[in-house]
Amino acid sequence: MHNLTVAEQRALMGIVSGRSVLEIAALAERSPETIRSQLKRLYAKTRTSGQVELLHRIYDPMFRKDARSDDNPA
């Protein structure tokens, strides 16, 4: 999905996990500037403008699916 590199996926998982850029950088043994660069590429590929919009893009489809299943009990 979105042709993310391994590094971009790692940055995404860090954001989803609630980590800061500094924490992601320390865990990945990269500089914060490298992580910021990866996040910028990630935002471009996902057509988002930042962390909040990215998280909405990830989680909104799940919320819509949950809402539909609540409306139609099995």
Side-chain angles (χ1 to χ4, degrees):
M1 185 167 102
H2 298 293
N3 295 318
L4 302 180
T5 65
V6 172
E8 292 162 351
Q9 291 174 29
R10 182 179 50 231
L12 173 61
M13 294 311 300
I15 295 300
V16 168
S17 299
R19 292 190 170 94
S20 70
V21 168
L22 294 176
E23 291 169 325
I24 298 167
L27 288 169
E29 298 180 346
R30 301 289 185 264
S31 73
E33 292 77 20
T34 298
I35 301 303
R36 286 187 191 97
S37 176
Q38 292 166 353
L39 288 171
K40 285 179 186 178
R41 288 194 310 270
L42 174 62
Y43 301 147
K45 287 181 178 182
T46 58
R47 296 181 183 162
T48 57
S49 61
Q51 291 180 16
V52 172
E53 189 176 356
L54 177 63
L55 291 173
H56 278 279
R57 176 83 36 101
I58 291 168
Y59 287 112
D60 276 352
M62 291 190 322
F63 290 134
R64 285 193 299 268
K65 180 180 177 186
D66 290 344
R68 284 192 306 262
S69 64
D70 290 343
D71 292 338
N72 298 315

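On a predicted model such as this, the values are computed, not experimentally measured, just so you know.
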Q) Is there a path from Leu12 to Tyr59 through hydrophobic residues (I, L, V, M, F, W, Y) whose side chains come within less than 4.5 Å of each other? A) yes
Q. Taking a hydrophobic cluster as the set of Ile, Leu, Val, Met, Phe, Trp and Tyr residues connected by side-chain heavy atoms closer than 4.5 Å, whether directly or through intermediates, do Val16 and Leu39 fall within one such cluster?
A. yes
Just how far is it from atom [atom1] of [X] to atom [atom2] of [Y], taken to the nearest 0.5 Å?
X     : Y     : atom1 : atom2 : value
Glu53 : Tyr43 : CD    : OH    : 10.0 Å
Leu55 : Asp60 : CG    : CG    : 10.0 Å
Arg30 : Arg10 : CZ    : CZ    : 5.5 Å
Arg57 : Arg47 : CZ    : CZ    : 8.5 Å

Q: Apply the side-chain contact (heavy atoms from CB on, under 4.5 Å) test between Ile35 and each candidate in Ile24, Ile15, Leu22; give the one that qualifies.
A: Ile24
Do [X] and [Y] have side chains that get closer than 4.5 Å, going by heavy atoms?
X     : Y     : result
Gln38 : Glu33 : no
Ile58 : Thr46 : no
Arg41 : Ser37 : yes

Q: State, without any angle test, whether Ser31 and Thr34 hold a side-chain donor-acceptor pair at a distance under 3.5 Å.
A: yes
**Q.** Side-chain (Gln9) to main-chain (Leu4) donor-acceptor, under 3.5 angstrom
**A.** yes
Q: Could you tell me which non-hydrogen atom of Lys45 sits nearest to which non-hydrogen atom of Asn3, and how far apart they are?
A: NZ-O, 2.9 Å
**Q.** Closest non-hydrogen atom pair, Glu23 against Gly18
**A.** OE1-O, 4.2 Å
Q: Can you sort out the partners of Lys40 under salt bridge (charged side-chain N to carboxylate O under 4.0 Å, His left out), two or more places apart, ordered by chain and number?
A: none
